[in-house]
Amino acid sequence: MVDTRNDDAGRGGAERAARRDEAVRAAVERGLLGPATPIVGLLDVTGIRESAAELRAAFEAVVAPGTPVLHAFAVKATPLVPVLRLLREEGIGAEVASPGELALARAAGLPPERTVLDSPAKTPAELREALALGIAVNADNPQELGRLDALMASAPSRSPLGLRVNPQVGGGSIEALSTATATSKFGVALRDEGAREWVVRAYAARPWLTRLHAHTGSQGVPLSLMARGVAEVHALAEEINRRIGRPQIDTIDIGGGLPVNFASDGTSPTYTQYARLLREAVPGLFAGRYGLVTEFGRSLLAKHGTVVARVEYTKSAGGRPVAVTHAGVQVATRTVYAPAAWPLRIAAYDAKGRPKAGPEAVQDIAGPACFAGDLLAEARALPLLEPGDYAAALDTGAYYFAHHYAYNSLARPGIHGFAPDGTGGVAFATVREPQTLQEIVAESGGARANALTTLREPGRP
Ligand SMILES: *Cc1c(COP(=O)(O)O)cnc(C)c1O
């Protein structure tokens with residue numbers, strides 16, 4: 001484990017923790033959180049702005065002057081329009097991978113030139129729309145490239161177009177998030193027989209194919225492996241340009257995937273560490289011959305989100321204390337279904353939202369869903385929680401409470417952003433209203449209650 005206490009990241013972590021504690025206390029005081037609203041998501045606006053600024057600075061420090069760089073936030077990490085708008089203000093674009101994500105980016109006001117479309121299953125209609133808007137598209141496979149051929153022949157487009165390759169450098173500790181394994185479903189598998197040659201010819205035949213894309217991993221993939229993936233992609237771009245005889249590929253999209261430290265408040269690794277490692281491992285990438293696109297998701301938002309849930313009951317089973325809270329599988333789906341891969345830190349707060357003191361006891365932090373495995377944390381040492389206290393799942397700003405899972409028809413919690421109010425207090429702004437019971441009924445076919453009873457089979461009474 002990297003010790004981050006004495007470096008910038010560690011200090012930033014302590015400030016972040018202090019802001020979070022202040023926000024939880026203020027949320028209880030204002031009634032954003034309480035008996036009637038027992039779960040809420042909180043987003044640290046200061047922290048999000050800081051991470052965006054760190055990302056920009058890290059790459060500005062390593063690229064040649066004048067290099068075009070687009071940091072496109074992977075919208076799937078936190079698909080919330082106000083978050084995308086905040087990032088837009090911080091100079092960050094959007095990487096989208098579905099019609100829904102594109103709609104969110106457009107609702108946030110992201111212009112086409114700051115948007116990248118990368119899904120493995122784009123329909124002809126999606127491709128046509130992206131090309132009409134001028135959004136950058138990375139084709140995933142030869143069949144999709146064929147569709148782009150037809151579209152480019154029928155109407156000109158200013159969309160920058162690229163091809164996604166899988167350098168097949170290997171996986172990380174989480175199989176489901178390892179995109180560069182030999183059999184990954186993404187991109188053109190570069191080491192398969194004949195694939196490299198096919199890719200070179202694909203570029204030679206298409207002067208409009210000017211970008212090369214790879215995303216070689218996410219949480220669990222070591223930095224060194226990510227850098228190897230980027231090095232492979234850079235070497236391929238060099239080979240293609242050399243064999244075509246001109247710099248046709250002008251932009252390399254290195255994907256996202258910087259892992260997040262879920263074990264403490266410190267940020268590690270940092271964007272600066274990754275950018276420096278890339279400069280060492282792939283110096284040619286920063287020599288000014290290529291523009292750059294990045295697609296970070298989790299690392300921009302994870303540390304800035306907290307889901308806070310009220311403890312409804314406490315009990316003991318088989319000698320183990322259990323705190324039954326309102327946060328479980330509906331907001332922490334990955335952690336509940338794959339607890340070994342996705343452990344979350346839990347912070348205990350008292351009924352007034354103050355950090356809970358007292359001797360620690362090993363306890364389970366359970367969620368509200370009706371299955372035994374619905375646990376946010378198992379056998380965790382924390383001050384013994386009591387009814388009316390709050391349990392906070394930390395580092396949940398990406399792929400957690402923004403990714404509601406409708407088990408037990410549990411309502412989507414409200415999400416509020418917070419920032420200093422300028423007079424020593426905390427200001428809140430609602431990002432997403434809590435889902436209402438009427439909305440749950442409507443989204444569950446409430447207007448079609450008779451749909452099945454009126455569908456009569458012939459001959460039946
Ligand atoms: C998911 C994804 C990302 C972002 O990954 P993170 O681990 O959240 O940084 C970037 N690019 C593509 C193509 C992705 O699928």
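Just follow the structure's listing: the first ligand is 1, and inside any ligand the first atom is 1.
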Undergrad: Looking at Lys122 and Glu144, is any side-chain nitrogen of the basic one under 4.0 Å from a carboxylate oxygen of the acidic one?
TA: yes
Undergrad: Between Ala74 and ligand 1, find which residue part has any heavy-atom pair under 4.0 Å and reply side chain, backbone, both or neither.
TA: side chain
Undergrad: One thing to verify: whether Arg19 and Asp44 come together as a salt bridge, which I'm taking to mean a side-chain N less than 4.0 angstrom from a carboxylate O.
TA: yes
Undergrad: Could I get the full list of side chain to side chain donor-acceptor pair (under 3.5 Å) partners for Arg158, not counting sequence neighbours?
TA: none
Undergrad: Have a look at ligand 1 and work out which part of His215, if any, has a heavy atom under 4.0 Å from it: side chain, backbone, both or neither.
TA: side chain
Undergrad: Inspect the contact between Asp253 and Arg164 and indicate whether a charged nitrogen and a carboxylate oxygen are less than 4.0 angstrom apart.
TA: no
Undergrad: Report yes or no: does Gly257 have a heavy atom closer than 4.0 Å to ligand 1?
TA: yes
Undergrad: Purely on distance, is any nitrogen or oxygen of Arg298 under 3.5 Å from one on ligand 1?
TA: yes
Undergrad: Of the protein's non-hydrogen atoms, which lies at the shortest distance from atom 15 (O) of ligand 1, and what is that distance?
TA: Lys76 NZ, 2.8 Å
Undergrad: Identify whether the distance between the nearest side-chain nitrogen and carboxylate oxygen of Arg49 and Glu89 falls below 4.0 Å.
TA: yes
Undergrad: Can you tell me if Phe186 contacts ligand 1 (heavy atom of the residue under 4.0 Å from the ligand)?
TA: no
Undergrad: How many angstroms lie between atom CG of Leu148 and atom CG of Leu209, to the nearest 0.5 angstrom?
TA: 8.0 Å
Undergrad: For ligand 1 and Leu258, I'd like to know whether there is a polar contact (N/O to N/O, distance under 3.5 Å).
TA: no
Undergrad: Below 3.5 Å, N or O to N or O, backbone or side chain included: is there any such pair between Ser218 and ligand 1?
TA: yes
